[in-house]
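Worksheet for the structure shown next.
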Protein chains: 2
Amino acid sequence: MDTMFPPPGNCNSRTVIDVLANKWVIYLLAALRERGPMRFNELARRIGNITQKVLTQTLRTLERDGLVSRTVYPTTPPRVDYALTDLGRNLSEVVLVIGEWSHDHADEILTARDRYDTKAQAAPVPVN
Amino acid sequence: MDTMFPPPGNCNSRTVIDVLANKWVIYLLAALRERGPMRFNELARRIGNITQKVLTQTLRTLERDGLVSRTVYPTTPPRVDYALTDLGRNLSEVVLVIGEWSHDHADEILTARDRYDTKAQAAPVPVN
DNA sequence: CCGTATCCAAAACGATACTG
DNA sequence: CAGTATCGTTTTGGATACGG
């Protein structure tokens, strides 16, 4: 592979990258990886700050992409389990790498951000 | 680390993950990793389908986060080079992992997507 | 060449109400 | 419990024009 992301159109890699370029997808894959199969509301609580609508949407696209499986148990009330497929578990390894890097370097990013904002603040902007 | 993405508020990891959850960021880091320092228009051509506005925006946030450095050579016409910082180069390793996975599994995703769409199509929807 | 500024369209997201 | 449907807002992105 001489070039990783050949400019567009004919490049399949990009369509996959676009899947991962979504924070909800990353949180979801991470949660399912950590805890195994989970129910809808369980996932919602675990992720936090996600609405039903977005959770549903995200789960559907992951199902469509063959990364997550959906199993319905016809009980009352209904029970629905979401789990990683083999492909999804495989991808979750990548997510694990992302998570570890984030954990390890979060403070460096935040520090850089502070420094940048402080400098911007120091610019000689007239009071009015 | 018992839990990778503790639900929100107090979690620094998430703010970093949110940086990477952006296709332009991923493309940019990949391009700079592959080819070393690049000029503005060079980056634009390399990535393709990105507008000046978005390229500028993305570069600024990466600069703010300490991932990319910006060097201006005061020639006429001006020359501006963008390069990975040490931190950015470090993160680009993660991007490399993403890129490789995408390359290797793109067809599986696309196949799953086709299968899903075909099934949806097969649903017994009345003509009207 | 390397941007910024502005306006506009499209997509993502949140809140809320309702259903099997 | 596990969703769907609708509406309004916010965010993101594209197109274009202009400036150092």
Side-chain angles (χ1 to χ4, degrees), chain A residues 7-9 14-15 17-28 31-32 35 37-65 68-83 116 120 123-125, chain B residues 7-9 14-15 17-28 31-32 35 37-65 68-83 116 120 123-125:
Chain A
R14 288 210 177 189
T15 72
I17 288 168
D18 294 353
V19 171
L20 213 52
N22 178 324
K23 61 179 179 177
W24 302 121
V25 166
I26 296 180
Y27 297 163
L28 229 59
L32 288 173
R35 317 247 297 202
M38 294 175 80
R39 304 177 61 172
F40 186 86
N41 283 333
E42 205 175 349
L43 271 169
R45 278 191 304 271
R46 175 97 188 131
I47 293 177
N49 285 346
I50 188 172
T51 59
Q52 278 194 340
K53 181 190 173 188
V54 172
L55 181 53
T56 301
Q57 268 178 188
T58 310
L59 284 169
R60 289 293 172 276
T61 73
L62 290 179
E63 203 190 342
R64 180 166 109 103
D65 288 345
V68 161
S69 66
R70 179 174 180 270
T71 311
V72 182
Y73 301 95
T75 59
T76 51
R79 177 199 173 97
V80 180
D81 270 18
Y82 291 93
Y116 185 98
V125 179
Chain B
R14 289 208 176 190
T15 72
I17 289 168
D18 294 353
V19 171
L20 214 51
N22 178 324
K23 62 179 178 177
W24 302 121
V25 167
I26 296 180
Y27 298 163
L28 229 62
L32 288 173
R35 317 248 298 202
M38 294 175 79
R39 305 176 62 173
F40 187 86
N41 283 333
E42 207 176 348
L43 271 169
R45 278 189 303 272
R46 174 95 187 133
I47 292 177
N49 285 347
I50 188 172
T51 59
Q52 278 195 340
K53 181 191 173 187
V54 172
L55 181 53
T56 302
Q57 269 179 187
T58 309
L59 285 169
R60 289 292 171 278
T61 73
L62 290 179
E63 203 191 343
R64 180 167 109 103
D65 289 345
V68 161
S69 67
R70 178 173 181 272
T71 311
V72 182
Y73 301 95
T75 59
T76 51
R79 176 199 174 96
V80 180
D81 270 18
Y82 291 94
Y116 185 98
V125 179

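Heavy atoms only: backbone and side chains are in, while hydrogens, waters and symmetry mates are out. Letters A, B, ... are given to chains in the order of the sequence lines, protein chains preceding strands, and every chain is numbered from 1.
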Give me the one residue out of B:L28, B:L59, B:T71 that meets side chain to side chain contact (heavy atoms under 4.5 Å, CB included) with B:Y82.
B:L59
Rounded to whole angstroms, how far apart are [atom1] on [X] and [atom2] on [N]?
X: A:I47; N: C:dC13; atom1: CD1; atom2: P; result: 12 Å
X: A:D18; N: C:dA12; atom1: CG; atom2: C1'; result: 15 Å
X: B:N41; N: C:dC1; atom1: CG; atom2: C1'; result: 6 Å
X: B:L59; N: C:dT4; atom1: CG; atom2: P; result: 10 Å
X: A:R60; N: C:dA12; atom1: CZ; atom2: P; result: 17 Å
X: A:R79; N: D:dG3; atom1: CZ; atom2: P; result: 12 Å
X: A:L55; N: D:dG3; atom1: CG; atom2: P; result: 8 Å

Would you say the side chain of [Y] lies within less than 4.5 Å of the side chain of [X], judging by non-hydrogen atoms?
X: B:R39; Y: B:V80; result: no
X: A:Y116; Y: B:R60; result: yes
X: B:L32; Y: B:L43; result: yes

Please list, chain by chain and in numerical order, all residues satisfying side-chain contact (heavy atoms from CB on, under 4.5 Å) with A:P78, sequence neighbours excluded.
none
Verify the contact: side-chain N or O of B:R39 to OP1 or OP2 of C:dC1, cut-off strictly under 4.0 Å; return yes or no.
no
Under 4.0 angstrom, heavy atoms only, what part of the nucleic acid is A:Y82 near: base, sugar-phosphate, or nothing?
sugar-phosphate
Counting side-chain heavy atoms from C-beta on, which of C:dG3, D:dT4, C:dC1 comes nearest to B:V80?
C:dG3
Counting primed atoms, P, OP1 and OP2 as sugar-phosphate and everything else as base, the B/S/- map of nucleotides 11-19 of chain D against protein heavy atoms under 4.0 Å is --BBB----
Residues which pass side-chain hydrogen bond (donor to acceptor under 3.5 Å, both in side chains) with A:D18, listed by chain and number, not counting sequence neighbours
B:Y27
Result for 5'-nearest mapping on DNA chain D, choosing between A:E42 and B:P78, is A:E42
Closest approach of B:K23 to A:A21 (non-hydrogen atoms, all atoms of both residues):
N-CB, 3.4 Å
